[in-house]
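First up is the structure itself, then whatever we jot down about it.
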There are 2 protein chains.
Amino acid sequence: MAQPPPSLMDKIVSLCKRRGFIFQASEIYGGIANTYDYGPLGVELKRRVKDAWWSRVVTQRKDVVGLDSAILQNPRVWEVSGHVGGFADPLIDCKVCKARFRADKLEDARCPDKPSKKPGEHHCELTEPRSFNLMFKTNVGPVEETGNTVYLRPETAQGIFLNFLNVMQSARLKPPFGIAQIGKSFRNEITPGNFVFRMLEFEQAEMEYFVPPDENDRWYDYWRQERLQWYVDLGIDPDKLRLREHEKDELSHYSTATADVEYEYPFGWGELEGIACRTDFDLKAHSEASGTDLIYFDPQTRERYTPYVIEPAGGIDRMALTFLIDAYDEEELEKENGEKEIRVVLRFHPRIAPTTVGVFPLVKKDGMPEKAAELEEELRIAGFTTFYDEKGAIGRRYRRQDEVGTPYCVTVDGDTLSGGVVTVRERDSMEQTTVKVADLRAHLEGALRNWKRPERVAPAGA
Amino acid sequence: MAQPPPSLMDKIVSLCKRRGFIFQASEIYGGIANTYDYGPLGVELKRRVKDAWWSRVVTQRKDVVGLDSAILQNPRVWEVSGHVGGFADPLIDCKVCKARFRADKLEDARCPDKPSKKPGEHHCELTEPRSFNLMFKTNVGPVEETGNTVYLRPETAQGIFLNFLNVMQSARLKPPFGIAQIGKSFRNEITPGNFVFRMLEFEQAEMEYFVPPDENDRWYDYWRQERLQWYVDLGIDPDKLRLREHEKDELSHYSTATADVEYEYPFGWGELEGIACRTDFDLKAHSEASGTDLIYFDPQTRERYTPYVIEPAGGIDRMALTFLIDAYDEEELEKENGEKEIRVVLRFHPRIAPTTVGVFPLVKKDGMPEKAAELEEELRIAGFTTFYDEKGAIGRRYRRQDEVGTPYCVTVDGDTLSGGVVTVRERDSMEQTTVKVADLRAHLEGALRNWKRPERVAPAGA
C-alpha cells in the first residue's frame, strides 16, 4: 500500500532529529511524554531567540529591566494568584479502557481501544468531568509531610509581582516601566502535543509592564503592535501572522482584555504569544494577602496608586518552532544532467540562524584546508558563529548548510592562495561572489545587515 | 551593647539586596528556605557569567557542542545512574525538639532549643541515622498513581549521556569531543546555606568530554588547568584559588579521580567547580539498561570503544557569588574637608560587570541631558551595556556606579557642547581622562580590552 507523503510537520521533526535541532527526551528509554531535548543546533537556535527577545524587550530599552526568579516559591503565592483554586482542566475518565480525556476537548479525542471511535461511541463508560489542577507538586525536606508541599511554577509572571517593590526601589523606577524574565515553567497537562508546541516543561519569556491606570489602553495598543512587529522584523511571513482579540468568555480570571499573536501552523492558527491586560489584580491580591503594600508612591507629589499591568507573554520553545516552520522551504532544482532534485533550505533571518558562516576548503589539499581553518578562526574570534567543513563534495557541503539555515558560506580555492580572494555563496539565491580576503569581514557584516526575506512559494507537503 | 561589625558576607548580602543583585525569594510571604531571586543587576551578572562560560567552553572551540536537555526525564535514567539508590544524605532526628540533622555534619550542628549546645548535649533524644534521597519527586498526569513518579534532575550530566549517540551522529563528531550544557538542577538538601552558595535549585554548567580511554589522563590534566585558568582570566584573585585532588574516600561512585577548583570564601575554602574522571561508568550503565550501544564506532577502521569521560562541572550561581565576593573592595578616601570616607567598589572584570558604561550629564541643564542621552543611545546601539543617570551630584553618581562595578563613566559637560570632548572616569583608579567624542568608542573598547586587575588590600570585615 502506498504511504501518504510526509506532512510538513513530519519533515520538520525528521530534519530536527537528523541535524541535531531537537531530540525526543530520554529516547533510549522509550521517551517521556511531550518532553524534548535540544541538540547542538537547537540550543544555538534557542540562544538566538532568547538573545533577540532580551535585546528588544530589555537591553535596548531604558524602561525595562530583567529578573530571574526561582521556580520554587512559597506555596502561598499560588493560593493568592488563584492557581491553586482555579488553574485546572476538567477531565473525564473511561472506566472500561482507563483512558483520560479533557472534557472540553472530548469532540477531538479518540478511544484508544478503537481509534475510529470517539470516547463514548465504542463500549466506553465515561465518568462525570472532574477538575484536576495543572501544577506539579513536590515536597521540600526529606519526608512528605503536610505543610511542606511546594509547586513547580506554572508561569514566571508571579515571580515578577513578588519582586515588584524590591525591583522598583533598587532600580529607582517609576511607572510606566517593565520587568522581564525568561525561565522554565511547568504544566501537568493531559493532552499536550504537536512537537515542542506544547510541553510539560517549557521556557517562558514574560514581561510585566506597570503603568498608571489611566495609561492602560494606550500601552495595551503599543505592546500588541510592538510584539507583532518583533516577529516580522525577524523574518516571519507577515501573511501568516495575525492579532486576535479574545472573546469575553476566553479571558482568564485576572484579565479584562487579551490579544493573541497567532501564527498559521501546519495544524492551523495557533497562539504564538499573548498580550494581556492583567489590571491591578495580582498586585492587589498579593498586597492584601502579604500585608505589604505593592503600590507606587511618589514622596514629592504624594501620588499613590496600584499600577495596572500589560503582559506580553510568549514561549521560547514555541517561538523557536515557529522560526523553524516559517523558515522551512523546498526548491526544485535542475541538475547538470537534467535530473530534478529538491533543495531543502531553512531561510532563517541571519539573527536567528544557529551558524552564520560556513568555511570550506574547495579540496582537501594544496594548502587549502590550512588557509580555510585560518580564516574560520579569524571570523570566529571576530564574533561570527562559524562552522568548518572539509568532508565531501563542495555542492554537498553547501546543501548541508542550506538545510540548517546558514546564510553564508566562504570557500577557499586556488585563487585564495594565488590571488587573495574567496568565494562567498549566499543561501537564499545560491549566488556566488568573489571577495577579497581583506574585505571579507566587512562584506559579511554588510550582507547580514541587509538581508531581506526572499519571496517564495509554500513548501511541498504543507 | 555594641553590635559586632558586619562580616564581609553580611555586607555583600546587604549590597545585593539594596542595589538589585539578589533578593530573598517570596520575601513578602516570609521567604522559602535557601531560595533566591536575581534582580535587574543580578540577572545581567549571571548572563555575563553564562556567556563567558559558553564562549570559552563551546563557541570558541571546535571540539565542543551544546545541548539543552529537559529537567524531567524518564525515571529509569535515575535508577541506572545510581541516583535513586545512592544519592542520599544520612539524617538524624531529635525526638524531643523535632529538629533534623545531617549525620555527617552533626559536629557542626546546634540544638534549636538551646543553640549553645550540640545535638545530644542538651535534652535531645537522637534517632539512628536514616538515609534520605536528595531528589525532588513529582507526578506526571493528574493523579498521584504508582508508576507516574518522576524526578527533578539533580544534575544536568545525565541528559548529556542520554543524547550521546544523537549528538555524536548528527554533529558528525569523533572523540575527543565534548557536549556542554547550562541548566537548572534541584537538590532537596537539609542543610544548605551561605546565601546562593548552596540552594535547593541552582543553575549548573557542565561539560562531558568524551575521550579514547588511553587519552584519559592527558585530558584530565588539560581540563583541570583550563578551568582554573578561566577564573584567573576573568579577574579572580589567583591567591584565593587552588586545585585540590579528592582523597579516595571522597570520590563519587562513578569516579576514579576528581579535583576541585576551590576558592577561599569568607567562610573558608569551598568548592567552586569539580573536574571529575567519570570513566565509562555512565555510558556503560545506560548501554546495558537501555539496550542501545552507547559506543564510538569507526566504520573505516572498525575501531570500537566506549569513551572515557572528563567532566568539568560548576554552578553558575556559585560562580556569580564568587565574582561578587572577589570583586568587593573598600577603600578609605579623604574628602576635601579632611574627613575620611569609605568607597565601596566592585572591581569586576569588564566582561563580567552588569553595566559597562555609565553616561551622565554634569548638570541637568544647558543641553547636557540631551547630549548625554544621545551619546548613551549611540553607545547602547553599538553594543555597550549602558546606564543613564542625571540624578544627584556627579560624585554620588560615580559612587553609585562603583558600588555596582561599572568600569567606566562618561560625563558630558560644557566642554562637550563647545569643544566636542567628554570626561571618561575609570572605576578602579578614579582617574579622569578627556576624550574626543569622535574617539569615545575606540577609547572605551581599548580600555576594556586592556583592563588589568588592580593591586589591593583585603577588604575590611573579611
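A, B, ... follow the sequence lines: proteins, then strands. Residue 1 opens every chain.
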Under the ring-ring contact (aromatic ring centres under 6.0 Å, His included) rule, collect the residues that match up with A:Phe177, sequence neighbours excluded.
A:Phe210
Pick one of side chain, backbone, both or neither for A:Glu201, based on which atoms fall under 4.5 Å of a heavy atom in chain B.
side chain
Please classify the contact between A:Asn166 and chain B as side chain, backbone, both or neither, with a heavy-atom cut-off of under 4.5 Å.
both
Under 4.5 Å from any heavy atom of chain B - which part of A:Thr138:
both
Where does A:Ala33 contact chain B at under 4.5 Å (heavy atoms): side chain, backbone, both or neither?
neither
Student check: side-chain heavy atoms of B:Val359 and B:Val357 closer than 4.5 Å
yes
For chain A, find which of B:Arg76, B:Arg380, B:Lys391 contributes the most heavy-atom pairs closer than 4.5 angstrom.
B:Arg380
Does the side-chain contact (heavy atoms from CB on, under 4.5 Å) test come out yes or no for B:Leu200 and B:Phe186, once each step is laid out?
CA-CA 6 Å; B:Leu200 295 181; B:Phe186 298 79; over 6 Å; no
Quick check on A:Lys62: does its NZ atom have over 12 non-hydrogen neighbours (other residues, nucleotides or ligands) under 6.0 Å away?
yes
Tell me, for A:Ile381 versus chain B, whether the close heavy atoms (under 4.5 Å) come from the side chain, the backbone, both or neither.
both
Contact class of A:Glu376 relative to chain B, heavy atoms under 4.5 angstrom:
side chain
Heavy-atom proximity to chain B below 4.5 Å, by part of A:Asp317:
neither
Show the numbers, then the answer: is there a side-chain contact (heavy atoms from CB on, under 4.5 Å) between B:Leu162 and B:His286?
CA-CA 8 Å; B:Leu162 297 177; B:His286 287 303; 4.2 Å; yes
Flag the one option from B:Ala171, B:Ala88, B:Pro40 with the top tally of heavy-atom pairs under 4.5 Å to chain A.
B:Pro40
Tell me which of these, B:Gln60, B:Gln158, B:Arg18, has more heavy-atom pairs under 4.5 Å with chain A than the rest.
B:Gln60
At a 4.5 Å cut-off on heavy atoms, which part of A:Leu165 comes close to chain B: side chain, backbone, both, or neither?
neither
Name the option with the most non-hydrogen atom pairs under 4.5 Å to chain A; the candidates are B:Thr35, B:Leu72, B:Thr292.
B:Leu72
Checking side-chain contact (heavy atoms from CB on, under 4.5 Å) for the pair A:Met207/A:Val58: CA distance, chi angles, key distance, verdict?
CA-CA 9 Å; A:Met207 196 268 283; A:Val58 185; over 6 Å; no
N-O pairing of B:Arg400 and B:Glu403 below 4.0 Å
no
Among A:Asp68, A:Leu152, A:Thr386, A:Val65, the residue with the most heavy-atom pairs under 4.5 Å to chain B is A:Asp68
For A:Lys184, is it the side chain, the backbone, both, or neither that has a heavy atom closer than 4.5 Å to a heavy atom of chain B?
side chain
Does NZ or CZ of B:Lys46 come closer than 6.0 Å to the centre of the six-membered ring of B:Tyr38, within 45° of the ring's axis?
yes
More than 12 heavy atoms of other residues, nucleotides or ligands under 6.0 Å from CD of B:Glu445: is that the case?
yes
Pick out which of A:Ile71, A:Val150, A:Asn188 makes a side-chain contact (heavy atoms from CB on, under 4.5 Å) with A:Phe136.
A:Asn188
Side chain / backbone / both / neither for A:Arg47 at chain B, heavy atoms under 4.5 Å
side chain
Please look at B:Asp51 and chain A and tell me whether the side chain, the backbone, both or neither of the residue comes under 4.5 angstrom of a heavy atom of that chain.
side chain
Using side-chain heavy atoms (C-beta onward) and a distance below 4.5 Å, is A:Asn163 in contact with A:Ile179?
no
Residue pair B:Leu67 / A:Val43, side-chain heavy-atom distance below 4.5 Å
no
What I want to find out is whether B:Glu203 reaches B:Lys50 closely enough, with some N-O distance under 4.0 Å, to be called a salt bridge.
yes
Do B:Glu390 and B:Arg397 sit within salt-bridge range, that is, some charged N less than 4.0 Å from a carboxylate O?
no
Please state whether the side chain, the backbone, both or neither of A:Glu44 comes within less than 4.5 Å of a heavy atom of chain B.
side chain
Hey, which residues of residues 21-32 of chain A are touching chain B, say heavy atoms under 4.5 Å apart?
A:Phe23, A:Ala25, A:Ser26, A:Glu27, A:Ile28, A:Tyr29, A:Gly31, A:Ile32
If you count heavy-atom pairs under 4.5 Å with chain A, which of B:Glu377, B:Arg172, B:Arg19, B:Gln181 comes out on top?
B:Arg172
If we only count heavy atoms from C-beta on, is the B:Tyr388 to B:Pro369 side-chain gap below 4.5 Å?
yes
